[in-house]
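Since this is a predicted model, take the numbers as computed values, not measurements. Protein chains get the first letters and strands the later ones, always in sequence-line order, with residue 1 at the start of each.
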Protein chains: 2
Amino acid sequence: MATLADVARRAGVSTATASRIINGSSKPVTDELRARVLAAVAELRYVPNAHAQMLARNNRNAVGVLVHDVSDPYFAEITRGLQRVATASGRLTIICNTFREPERELEYIDLLHAHQVAAIVVAGSGYLSSDAETELDERMLAFEATGGRIAVIGRHHHASDAVLPANEEGGYLAGSHLFELGHTSVGVIAGPAALTTTADRLAGLQRSASAYGHSLQVVHSDFTRDGGEAATASLLASDPSVTAIAALNDSMAVGALAAMRAAGRFLSVIGFDDMPIARDVTPSLTSIRLPLTSLGERAMELALNPPPPNTPPRVETVPAELIRRDSTWPVAQRR
Amino acid sequence: MATLADVARRAGVSTATASRIINGSSKPVTDELRARVLAAVAELRYVPNAHAQMLARNNRNAVGVLVHDVSDPYFAEITRGLQRVATASGRLTIICNTFREPERELEYIDLLHAHQVAAIVVAGSGYLSSDAETELDERMLAFEATGGRIAVIGRHHHASDAVLPANEEGGYLAGSHLFELGHTSVGVIAGPAALTTTADRLAGLQRSASAYGHSLQVVHSDFTRDGGEAATASLLASDPSVTAIAALNDSMAVGALAAMRAAGRFLSVIGFDDMPIARDVTPSLTSIRLPLTSLGERAMELALNPPPPNTPPRVETVPAELIRRDSTWPVAQRR
DNA sequence: CGGTATCAGGAAAGCGCTTACCTCAGGCAA
DNA sequence: TTGCCTGAGGTAAGCGCTTTCCTGATACCG
């Protein structure tokens, strides 16, 4: 492995000069030496050791991102936004999949801390139980104490800059949409009860139910296509009066569609997040749109641009919007 | 930022002892000191500086992955496999999105090289033109010269361990399936012509066309849903005799379905890759399955376990398989 | 009791860089 | 000519760790 010293030796200069030339330092150097050094770099295929640079420069340039799973379209969209901003400011993004295991989250926070990242963006949902979050909070504080920045997406225990999707409002929009269509018996297929995302979306749905004077049948399952399928199947089996289903994300909604095809019963379904696939399933999915990519962008901006000192954390909310498609219709209308 | 020296000072020991205790070295240490050091670690919330460790230990523990875009389901699946194996062997995975820009690929290879990763897995398709690949090859050689390992997925110019999806065979299966159903005028919506993936799948399709004595209408576009939609629209408009469409990946196939809905004409469609969504669109998509996750696993295994020295690169092929669903039917049968 | 093996712990030499500071020449004004 | 800048380059001190080698103390042997 060629080192700076090798390059310097080959070019017949000191490592200081070589370093300055390679990094384009402002210190003036004669063209003669510059050429010799660059030639040596090329001949030796020299690539600087990033770790040595980090150590010597003591600046942080990478950023870390904690997501449940990048291959989940929800996080894929968010990550796209995060990366766009990070890359635009010349930073390497390290993506970590936590798979919603609190253990792994802790590990990754420490790992990113150890790697001296400039900032960490936590994109996964928070947990309701503060037990699970306390330890996480500690680690984050330790990270921040060393000058690291943290931004979270969604409701978390940790007090830092945050971008909050309007989950409650979105739930309210979803419920209201169904009730306006005349549905009175609505089933909800929800994600894990422990997540704040689930809780908030559900709360919005409950609020609309109260407003319209109806009640909800809630079944919890995984935030996945298969989770949605299973939850829908059980709902269909247990309560024949349900005429509409609100899914707390689009993956579950897609599963609901599959369960209904299997059962030969077709109820109105509304999803949540408005994933790209929503318009391509049949019927195309009515959903609550969250601008996920820009949400990611915003979170990374907050993370990279610290607020003035001694200011409270900044909290921004991004709005939810109803996107009507073909999967919801008036209750009177048979399909 | 607490350093090892701070911990050592606080515990009243040398940094050597502190380091040994923290890393669980085999060197014996009295319980007394051990307790003091661990207490200091906890009080100071000490997290070792990973860069300093890398430098001092001179071992490589992270691995890098180059993909076109993790949020593309094709790469998301592969990445899942790559990560599973990397994580199982205790390695951090650094995912880099190249967005198919050769420039960015070069940059990332160097960046990963600089970060002293143990291995790089290149998961994106290769390019047909060797111009584009020559420079890449150089950088890879430079990386390998320093002891780094490389494995590629798909056909690339670089001579390293490789996992090859059976693209040609899959193309042949797809074409044969359509011709067996009696189609004689088949349109192909293909990805960018510069990619080896496109070329290979197309070659298989051509082989089947020759075998059955038919010809193909090929339209190139992006490997995306919208690319597929556009290509299909133009195919539909330009050649009314086409009765079946072969898409070179599932995203394009989904776009084809959309274009057909828009045009009110429903032709048989076969996809490629068998993404999870294939079974959830309507009609459910006949596709060529590639075991993407295990393909990723295999590639990472090759990358992490070097072959015996002076052996030719290992090349493994993973088979393609036809998955019949509802989007293809005999030509005689009207829909 | 001297000599040696054993053991816990520390001193210090790097790992590959960056950069503050120093040196040495040459150029200028007085 | 002397004195002093200025510019080009080198010297060397770290950055935060790991690890080799060394030290000093204790235990054990004949």
Side-chain angles (χ1 to χ4, degrees), chain A residues 1-38 40-41 44-62 110-111 113-118 146-148, chain B residues 1-38 40-41 44-62 110-111 113-118 146-148:
Chain A
M1 165 106 219
T3 69
L4 219 218
D6 297 333
V7 171
R9 198 172 312 121
R10 175 145 194 154
V13 302
S14 71
T15 60
T17 303
S19 170
R20 293 198 270 252
I21 291 172
I22 290 170
N23 297 299
S25 135
S26 61
K27 188 125 184 175
V29 177
T30 54
D31 289 348
E32 150 79 21
L33 289 196
R34 180 181 311 282
R36 289 209 324 252
V37 168
L38 294 179
V41 166
L44 296 175
R45 309 195 161 296
Y46 168 70
V47 177
N49 181 318
H51 300 296
Q53 285 187 321
M54 291 274 80
L55 205 52
R57 289 193 182 139
N58 194 31
N59 70 347
R60 305 156 159 238
N61 76 152
D110 276 358
L111 186 142
H113 181 160
H115 278 258
Q116 313 287 106
V117 297
T146 68
Chain B
M1 166 106 216
T3 69
L4 220 217
D6 297 332
V7 171
R9 199 171 311 122
R10 174 147 196 152
V13 301
S14 70
T15 59
T17 303
S19 170
R20 293 198 270 252
I21 291 172
I22 291 170
N23 297 299
S25 133
S26 61
K27 186 125 186 180
V29 176
T30 56
D31 289 347
E32 151 78 20
L33 290 196
R34 179 180 312 282
R36 291 217 312 262
V37 168
L38 294 179
V41 166
L44 297 175
R45 309 196 162 296
Y46 169 71
V47 177
N49 181 318
H51 299 298
Q53 285 188 322
M54 292 274 79
L55 205 54
R57 287 193 182 137
N58 193 31
N59 71 347
R60 303 156 160 238
N61 76 154
D110 276 358
L111 186 143
H113 181 160
H115 277 258
Q116 312 287 107
V117 297
T146 68

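Across the protein-nucleic acid pair, A/Leu44 atom CG and C/dG16 atom P stand 14 Å apart, rounded to whole Å. In this structure, B/Arg9 places its CZ atom 14 Å from P of C/dG10, rounding to the nearest Å. Rounded to whole Å, the distance from CD on B/Glu32 to P on C/dC7 is 20 Å. The interatomic distance linking A/Ile21 (CD1) with C/dC17 (P) rounds to 15 Å, in whole Å. Summarising the geometry, the separation between CE on A/Met54 and P on D/dC17 is reported as 15 Å, rounded to the nearest angstrom. At whole-Å resolution of the value, NE2 in B/His51 and P in D/dG16 are 12 Å apart. Atom CG in A/Asn23 sits about 8 Å away from atom C1' in C/dT18, given to the nearest Å. We find that CZ of B/Arg57 is positioned 22 Å from P of C/dA13, with the value rounded to whole Å.
Residues A/Asn61 and A/Gln53 have side chains not in contact (no heavy-atom distance under 4.5 Å, counting atoms from C-beta outward). For the pair A/Asn49/A/Thr3, no side-chain contact is recorded, criterion being any heavy-atom separation below 4.5 Å from C-beta on.
Heavy-atom nearest nucleotides on DNA chain D were determined for B/Lys27 and for B/Tyr46, and the one closer to the 5' end corresponds to B/Tyr46. Sequence order on DNA chain C of the closest nucleotides to B/Val29 and B/Ala52 puts B/Val29 first from the 5' end. Taking the nucleotide of DNA chain C with the nearest heavy atom to each of A/Leu55 and A/Thr17, the more 5' of the two is matched to A/Leu55.
Residue A/Thr30 has a polar side-chain atom (N or O) positioned under 4.0 Å from OP1 or OP2 of D/dG9. Side-chain N/O atoms of B/Asn49 include none lying less than 4.0 angstrom from OP1 or OP2 on D/dC15. The phosphate of C/dG16 (OP1 or OP2) has no side-chain N or O of A/Gln53 nearer than 4.0 angstrom. Phosphate proximity of D/dT18 to B/Ser19: present, with a side-chain N or O under 4.0 Å from OP1 or OP2.
At the heavy-atom level, A/Thr3 lies under 4.0 Å from the strands shown only through sugar-phosphate atoms. B/Asn58 comes within contact range of no nucleotide atom at all, as no heavy-atom separation falls under 4.0 Å.
When each of B/Val37, B/Thr15, B/Val13 is tested with B/Val7 by the rule side chain to side chain contact (heavy atoms under 4.5 Å, CB included), just one qualifies, namely B/Val37.
B/Thr17 and B/Arg36 form no side-chain donor-acceptor contact under 3.5 Å, judged by distance and modelled atom types alone.
Listed for the A/His51 side chain is a donor-acceptor partner under 3.5 Å among the backbone atoms of B/His115.
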